[in-house]
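No hydrogens, no waters, no symmetry mates; every other heavy atom, side chains included, goes into these values. Every value quoted in this text rests on a predicted model; they were computed, and no experiment measured them. Labels below follow one simple rule: chain letters A, B, ... track the order of the sequence lines, proteins then strands, and each chain is numbered from 1.
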2 protein chains.
Amino acid sequence: MLSKKCQYAIHALIYLTEKHEKECTTIVEIADAKSIPHKFLEVILLDLKNAGVLGSKKGKGGGYYMIKHADQIRIIDVIRLIDGAVAMLPCVSLNFYESCGLCENEKKCSINKLFKEVRDATLKILSNNTIGDLARIHRS
Amino acid sequence: MLSKKCQYAIHALIYLTEKHEKECTTIVEIADAKSIPHKFLEVILLDLKNAGVLGSKKGKGGGYYMIKHADQIRIIDVIRLIDGAVAMLPCVSLNFYESCGLCENEKKCSINKLFKEVRDATLKILSNNTIGDLARIHRS
DNA sequence: ATATTTGTCTATAGATTTAGTAGATTTTCA
DNA sequence: TGAAAATCTACTAAATCTATAGACAAATAT
C-alpha cells in the first residue's frame with residue numbers, strides 16, 4: 001500500500017498541474033481543496049521541492065509552483081521519492097536492493113524470479129504514466 | 001513490500017512441499033532449515049492451519065503437514081492471508097476495499113484507474129503461480 | 001522600518017504495525 | 001507417567017505512519 005503521504009503528494013501535484021501553471025499556490029489552498037492536514041502537507045511539499053519537482057516563493061503572494069513539467073514527473077518517481085521501494089521484496093528492488101537473507105542462491109531462487117516479474121509489470125505501468133497524464137484524464 | 005511474516009510463510013510452505021508430503025514436520029525443523037525465529041514461525045504456521053492450508057498433529061511424532069496440494073495454493077492467497085491487501089491503494093483493492101477519501105468521484109478518478117491497471121497486472125501473475133510452481137523450479 | 005504573509009526548520013507525540021519473546025497449557029505417543 | 005510437540009495468552013521493543021506545535025526566515029506591502 002502507498003502511504004497517505006504518497007497519496008497526498010500525488011493529489012497535490014495533480015492540483016498544481018490543473019491550476020494555472022507558473023503561478024504560486026499556497027500550502028493552505030491545496031490543503032483546503034484536497035482536505036489534506038496542512039501541517040502534514042507542508043512536509044510533503046518541502047520533500048517535493050528538495051527533490052527538484054517543485055519551486056517555492058516565500059512571503060506575500062508566495063507559495064509553491066511546478067518547476068518540472070507535469071509530463072516529466074512519472075508516478076514511479078513520486079512513489080520512490082516519498083515511499084521508497086516499489087518492489088514487493090527487497091531482493092528484487094532496483095533502487096532499494098537488499099538481500100532477503102532467506103534463500104541460498106538468489107539467481108536460482110524461484111521466489112525472486114516471480115517477484116521480478118511482478119516488479120517489471122508494475123514498473124512498466126507506473127513509469128509510462130505521469131502526473132500530466134493523470135491531470136489530463138481528470139479534467140476531461 | 002511483503003512483510004517478513006509473509007516471506008517466512010512462503011518459504012515454509014515451499015519447504016513443506018519439497019519434503020516428503022503427508023509426513024509431519026516440526027516447527028523447529030522448518031525454523032532451523034530456513035533460519036526463521038521459531039516462536040515467530042509458530043504463529044505463522046498456526047495462521048496457515050486456521051486458513052485450511054496446513055494440518056497439524058500434536059505430541060510426539062507430531063508437526064505440520066500440507067492439507068492442500070501445493071498446486072492449489074496460489075501465491076496471491078498466501079499474501080492476502082498473511083498481509084491482507086495486495087493493491088497499492090485501498091480504493092482499488094478487491095478483497096480489502098476502502099474509499100481513499102480524497103477524490104470526489106472514484107469512477108472518474110484517474111489515479112484509481114491507473115492503480116487498477118497495476119492491480120490487474122500484479123494479480124495476473126500472482127494468481128497464476130502456486131507454491132507448487134515455486135517448489136518445482138526450486139528443485140530443478 | 002514595520003507588519004503581514006508565507007515558507008522553513010526543529011522537535012515531538014500518539015497510534016499502529018512489525019517482528020518477535022516468554023511461559024503456561026493441552027494433546028499425543030511410547 | 002514422561003517426553004515431545006502444538007496451542008494459547010499475553011506481552012514487549014522498535015520502527016513507521018500520521019500527524020501537530022511553535023519558533024524562525026524571507027519576501028512583500030504600506
Side-chain angles (χ1 to χ4, degrees), chain A residues 1-12 16 23-32 34-51 53-67 79 81-85 88-90 96 98 100-102, chain B residues 1-12 16 23-32 34-51 53-67 79 81-85 88-90 96 98 100-102:
Chain A
M1 284 272 185
L2 296 185
S3 66
K4 274 286 185 196
K5 190 176 176 184
C6 190
Q7 294 179 49
Y8 290 155
I10 294 171
H11 278 273
L16 282 172
E23 270 183 24
C24 277
T25 309
T26 66
I27 298 175
V28 172
E29 180 185 329
I30 305 171
D32 287 352
K34 293 288 180 172
S35 305
I36 302 171
H38 60 280
K39 271 297 190 179
F40 196 20
L41 183 58
E42 208 179 282
V43 178
I44 296 166
L45 296 179
L46 206 50
D47 283 347
L48 292 170
K49 187 203 162 186
N50 291 332
V53 175
L54 295 179
S56 69
K57 210 179 114 187
K58 288 182 178 180
K60 194 163 194 173
Y64 282 95
Y65 53 90
M66 303 286 282
I67 211 168
I79 296 175
L81 176 64
I82 303 289
D83 278 356
M88 295 184 82
L89 288 180
F96 300 86
E98 275 180 77
C100 71
L102 287 170
Chain B
M1 283 273 184
L2 296 186
S3 66
K4 274 285 184 194
K5 189 176 176 183
C6 190
Q7 294 177 50
Y8 291 153
I10 294 171
H11 278 274
L16 281 172
E23 271 183 26
C24 277
T25 310
T26 67
I27 298 174
V28 171
E29 179 185 330
I30 306 171
D32 286 352
K34 293 286 179 173
S35 305
I36 302 171
H38 61 278
K39 271 298 191 179
F40 196 21
L41 183 59
E42 205 179 285
V43 178
I44 295 166
L45 295 181
L46 206 49
D47 284 346
L48 292 170
K49 188 205 159 184
N50 291 332
V53 174
L54 295 180
S56 69
K57 210 179 115 188
K58 289 184 176 179
K60 196 163 193 174
Y64 283 94
Y65 53 89
M66 303 287 282
I67 209 167
I79 296 175
L81 177 65
I82 304 288
D83 278 355
M88 295 183 82
L89 289 179
F96 300 86
E98 276 181 76
C100 71
L102 287 170

Starting at atom [atom1] of [X], determine the distance to atom [atom2] of [N], rounded to an integer number of angstrom.
X: A:His38; N: C:dT5; atom1: NE2; atom2: P; value: 14 Å
X: A:Leu46; N: D:dA25; atom1: CG; atom2: P; value: 16 Å
X: B:Asp47; N: C:dA19; atom1: CG; atom2: P; value: 14 Å
X: B:Leu45; N: D:dT7; atom1: CG; atom2: C1'; value: 12 Å
X: A:Phe40; N: D:dC17; atom1: CZ; atom2: C1'; value: 7 Å
X: B:Glu42; N: C:dA19; atom1: CD; atom2: C1'; value: 14 Å
X: B:Tyr65; N: C:dT28; atom1: OH; atom2: P; value: 11 Å
X: B:Ile27; N: C:dT21; atom1: CD1; atom2: C1'; value: 14 Å

Which value, rounded to the nearest 0.5 Å, describes the distance between [X] atom [atom1] and [Y] atom [atom2]?
X: B:Leu54; Y: B:Leu48; atom1: CG; atom2: CG; result: 5.0 Å
X: A:Ile44; Y: A:Lys4; atom1: CD1; atom2: NZ; result: 10.5 Å
X: B:Glu23; Y: B:Met66; atom1: CD; atom2: CE; result: 14.0 Å

- Query: Which residue, A:Gly61 or A:Lys5, contacts DNA chain D at a nucleotide closer to its 5' end, judged by nearest heavy atom?
  - Reply: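 Whichever sits nearer the 5' end wins; that is A:Lys5.
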Closer to the 5' end of DNA chain D via nearest nucleotide, is it A:Asp83 or B:Gly63?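 Nearer the 5' end of the strand: B:Gly63.
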I want to check one thing: is the phosphate of [N], taken as OP1 and OP2, less than 4.0 Å away from some side-chain N or O of [X]?
X: A:Tyr64; N: C:dT6; answer: no
X: A:Lys49; N: C:dT8; answer: yes
X: B:Tyr8; N: C:dG20; answer: yes
X: B:Thr26; N: D:dA6; answer: no
X: A:Ser56; N: C:dT8; answer: yes
X: A:Lys60; N: D:dA26; answer: no
X: B:Lys57; N: C:dC29; answer: yes

Exercise. For B:Asn50 and B:Leu46, indicate whether the former's side chain and the latter's backbone hold a donor-acceptor pair under 3.5 Å.
Key: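 Present.
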Would the distance check show the side chain of A:Asp83 and the main-chain N or O of A:Ser3 forming a donor-acceptor pair, the cut-off being under 3.5 Å?
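Such a contact is found between A:Asp83 side chain and A:Ser3 backbone.
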- Answer with base, sugar-phosphate or nothing: what part of the nucleic acid does A:Lys39 contact at a heavy-atom distance below 4.0 Å?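 A:Lys39: base contact, heavy atoms under 4.0 Å.
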